[in-house]
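Everything quoted here is computed from the prediction, not taken from an experiment. Numbering of residues begins at 1 and proceeds along the displayed sequence.
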Amino acid sequence: MTSLPSPALELSADEARRIALRAQGLLGAPDRRAGVRGVLRSLGAVQLDTISVLARSHELVPYARLGAVGRETVESAYWDGSHAFEYWSHAACILPVEEWPHFAFRRRARAARGHRWHVMEDSERSCAAVRDRLKNDGPLTASELGGAKNGGEWYDWSETKIAVEWLLDTGEVVCARRRGWKRVYDLAERVIPDTLFHDDLDDRACVRRLVAQAGAAMGVATRADLADYHRLRAEQVDEVLADSGLVPVTVEGWGRPAARGGSRPSSGRPPGAAWADPAALTPPPRGRHRTTLLSPFDSLIWDRPRTERIFGFTHRLEAYVPRPQRIHGYFAMPLLSGGRLLGRVDPAREGTTLVARQLSLLSGRAVRPMAEALAEAASWVGCTRVRVERIDPPELAAPLTEALAEITG
């Protein structure tokens with residue numbers, strides 16, 4: 001590995017927190033002219049997920065940064081005019097179309113492996129059939145191509161579904177949009193602009209770009225943070241850090257061991273070793289903090305050890321936890337206000353009522369921000385009322401009810 005320079009700058013934990021918030025678009029005036037596409041470009045990846053409570057996660061991410069942008073506007077910004085594509089980054093994500101060349105290393109790795117989860121009975125015939133249908137009739141969903149499942153469990157894919165997903169993994173096919181949450185596939189050569197439709201970059205160039213992009217999107221990050229953002233291997237990050245453009249720093253308090261070792265020093269670097277985007281260091285982060293509810297899949301908090309390190313806040317998605325074992329609820333959304341995570345709420349919708357099934361606040365100072373966030377979210381999804389079912393601690397129920405009444409009139 002290339003020798004790494006010693007850190008020249010030490011950041012306080014508070015400075016690092018504010019840098020991270022600004023880099024994620026949650027501190028300072030939002031760039032409304034750039035809009036949803038600007039959010040996507042700055043984050044580099046917006047995670048997709050099947051769960052829809054208030055809205056789907058890829059809608060909640062720009063909402064958290066821009067406010068009540070229309071949901072149709074969000075979808076249009078992502079998919080109209082070949083501005084984005086769907087691929088494997090932190091998970092299944094919407095990615096800016098400009099990043100297509102930088103995922104060539106992953107497409108090559110998938111192709112070299114020969115399969116993902118499923119193995120086709122006749123790969124040559126099945127892939128050829130998918131190519132022909134898309135060429136003649138595309139864009140199409142898996143159902144329109146001939147069926148997504150064999151009739152069994154959700155993972156019991158049809159040969160056609162396996163083929164089209166394989167072609168997506170290896171870059172011949174792209175998800176052009178979602179329709180009723182189904183992927184709509186088309187030939188990549190028809191969707192990706194000609195200037196970007198190539199796999200010319202070698203693996204090192206691809207990884208270097210993604211490490212630099214992750215550093216810019218996080219502002220300041222440990223080596224493990226950088227790896228986790230686009231799901232790179234630690235050794236891949238090590239190979240490119242020295243020429244990534246990121247600068248070494250140390251962060252107060254980041255030397256304590258994290259759940260996955262994210263803040264442990266590596267390669268002889270000091271406790272609190274981290275890397276920062278030079279543009280994130282000047283000027284000092286200032287501006288208005290956003291008060292909002294965050295999707296559990298928001299890139300500000302999708303990495304649990306980083307969230308604990310920056311905010312002292314432990315968060316876990318409990319959607320896949322058996323109901324009796326849930327602590328905070330099915331889809332608990334953290335409350336961000338004043339640059340801190342102050343609580344969480346498990347929301348639902350009943351007609352035109354936003355229901356806070358379970359609401360947890362860390363202290364009384366979270367009451368007003370939670371009321372504001374609930375009222376704004378309700379208005380965004382077309383609800384006219386907010387009903388709180390359970391609150392912890394219970395003595396904050398009356399103040400929260402009063403604050404909601406005052407805000408909603």
TODO: Show your working on side chain to side chain donor-acceptor pair (under 3.5 Å) between Ser12 and Glu252 and close with a plain yes or no.
DONE: CA-CA 5 Å; Ser12 70; Glu252 171 197 11; 4.7 Å; no
Task: Val220 vs Leu11, side-chain contact (heavy atoms from CB on, under 4.5 Å): CA-CA, chis, key distance, verdict - done: CA-CA 10 Å; Val220 59; Leu11 301 172; 4.1 Å; yes
Open item on the list: side-chain contact (heavy atoms from CB on, under 4.5 Å) for Glu10 and Val249? Distances and angles first, verdict last.
Closed with: CA-CA 6 Å; Glu10 182 172 353; Val249 298; over 6 Å; no
Task: Verdict with reasoning, Ile327 to Glu318, per side-chain contact (heavy atoms from CB on, under 4.5 Å) - done: CA-CA 8 Å; Ile327 298 171; Glu318 298 180 339; 3.5 Å; yes
Task: Criterion side chain to side chain donor-acceptor pair (under 3.5 Å) on Gln213 and His230, from CA distance to verdict - done: CA-CA 9 Å; Gln213 191 282 316; His230 291 295; 2.6 Å; yes
TODO: Run the numbers on Asp277 and Leu246 for side-chain contact (heavy atoms from CB on, under 4.5 Å), then give the verdict.
DONE: CA-CA 5 Å; Asp277 174 26; Leu246 304 177; 4.3 Å; yes
Open item on the list: With side chain to side chain donor-acceptor pair (under 3.5 Å) as the criterion, how do His118 and Glu165 come out once you've worked through the C-alpha distance, each side chain's angles and the decisive distance to 0.1 Å?
Closed with: CA-CA 10 Å; His118 304 79; Glu165 287 290 328; over 6 Å; no
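Among residue pairs with one or both ends in residues 366-383, those qualifying as salt bridge (charged side-chain N to carboxylate O under 4.0 Å, His left out) are Arg290-Glu376, Arg368-Glu372, Arg368-Glu406; sequence neighbours excluded. Sorted by first then second residue, the side-chain hydrogen bond (donor to acceptor under 3.5 Å, both in side chains) pairs that include residues 47-56, not counting sequence neighbours, number zero. Judged as a salt bridge (charged side-chain N to carboxylate O under 4.0 Å, His left out), the pairs with a partner in residues 76-103 (not counting sequence neighbours) are, in order, Asp80-Arg177, Glu86-Arg178, Glu86-Arg183, Glu99-Arg209. Judged as a ring-ring contact (aromatic ring centres under 6.0 Å, His included), not a single pair has a partner in residues 308-351 (not counting sequence neighbours). Sorted by first and then second residue, the salt bridge (charged side-chain N to carboxylate O under 4.0 Å, His left out) pairs with a member in residues 321-345 read Asp14-Arg340; sequence neighbours excluded.
Between Asp303 and Pro305, the shortest heavy-atom contact is OD1-CD, 3.0 Å. Trp79 and Cys175 make their closest contact through CZ3-O, 3.8 Å (heavy atoms, listed as atom of the first residue, atom of the second, distance). Residues Val367 and Ala403 share a closest heavy-atom pair of CG1-CB, 4.3 Å. The two residues Ile51 and Ala319 have their closest heavy-atom pair at CD1-CB, 3.6 Å. Nearest heavy atom pair, residue Ser89 against residue Ala45, reads OG-CB, 3.7 Å.
Counting heavy atoms from C-beta outward, Arg357 and Arg387 have side chains that stay 4.5 Å or more apart. At least one side-chain heavy atom of Trp166 sits under 4.5 Å from a side-chain heavy atom of Cys127. The side-chain heavy atoms of Arg65 and Arg32, taken from C-beta on, include no pair separated by under 4.5 Å. Leu294 is listed as a side-chain neighbour of Leu300, based on a closest heavy-atom distance under 4.5 Å. For the pair Arg306 and Tyr229, the minimum side-chain heavy-atom distance is 4.5 Å or more. Contact annotation: the side chain of Ser57 never approaches that of Glu59 to less than 4.5 Å [non-hydrogen atoms, C-beta and beyond]. Residues Arg231 and Asp228 form a side-chain contact, since some pair of their non-hydrogen atoms from C-beta on lies under 4.5 Å apart. Within the 4.5 Å cutoff, the side chain of Arg108 has no heavy atoms near those of the Thr170 side chain.
A cation-pi arrangement is absent between Arg223 and Trp275, since the terminal nitrogen or guanidinium carbon is not both under 6.0 Å from the aromatic centre and inside a 45° cone about the axis.
Checking side-chain atoms of Asp298 against main-chain N and O of Ile301 turns up no donor-acceptor pair under 3.5 Å. Side-chain N or O atoms of Arg288 include none that pairs as donor or acceptor with a backbone N or O of Leu26 at under 3.5 Å. In this structure a side-chain-to-backbone donor-acceptor pair under 3.5 Å is missing from Ser337 to Thr291. Judged purely by atom type and a 3.5 angstrom limit, Thr73 has no side-chain atom pairing as donor or acceptor with the backbone of Val69.
Atom CD1 in Ile19 sits 13.5 Å away from atom CD in Gln24 (nearest 0.5 Å). The distance from the CG atom of Leu27 to the CZ atom of Arg17 is 8.5 Å, given to the nearest 0.5 Å. One distance of note links OG1 of Thr160 with CG of Leu140; it measures 11.5 Å at 0.5 Å rounding. Taking CG of Leu362 as the start and CG of Leu341 as the end, the distance is 8.5 Å to the nearest 0.5 Å. How far OH of Tyr185 is from CG of Leu168: 6.5 Å, rounded to the nearest 0.5 Å. Remark: Thr250 OG1 to Leu9 CG distance equals 7.5 Å, nearest 0.5 Å.
A search for ring-ring contact (aromatic ring centres under 6.0 Å, His included) contacts involving Tyr63 returns Trp380, not counting sequence neighbours.
Residue-environment remark: CD (Glu72) stays at or below the threshold of 12 foreign heavy atoms within 6.0 Å.
A side-chain contact (heavy atoms from CB on, under 4.5 Å) with Leu374 is found for exactly one of Ile407, Leu335, Leu359, namely Leu359.
A salt bridge is defined here as a Lys NZ or Arg NE, NH1 or NH2 lying under 4.0 Å from an Asp or Glu carboxylate O, and Arg208 with Asp243 meets this definition. The existence of a salt bridge linking Arg107 and Glu172 is excluded, since no basic side-chain nitrogen approaches an acidic carboxylate oxygen closer than 4.0 Å. In summary, Glu308 and Arg304 do not engage in a salt bridge, as defined by a charged side-chain N under 4.0 Å from a carboxylate O. By the 4.0 Å N-to-carboxylate-O rule, Asp203 lies too far from Arg106 to be salt-bridged with it.
Side-chain atoms of Asp225 and Thr222 form a donor-acceptor pair, as typed in the model, at a separation below 3.5 Å. Trp88 and Asp169 form a side-chain donor-acceptor contact under 3.5 Å, judged by distance and modelled atom types alone. Side-chain contact check for Arg204 and Gln236: no donor-acceptor pair (N or O, by modelled atom type) lies under 3.5 Å.
In this structure, Trp302 and His90 have parallel ring planes: the angle between them is below the 30° cut-off, well short of the 60° mark. Taking the six-membered ring where tryptophan is involved, the planes of Phe85 and Phe103 are perpendicular, since the angle between them exceeds 60° and thus also 30°.
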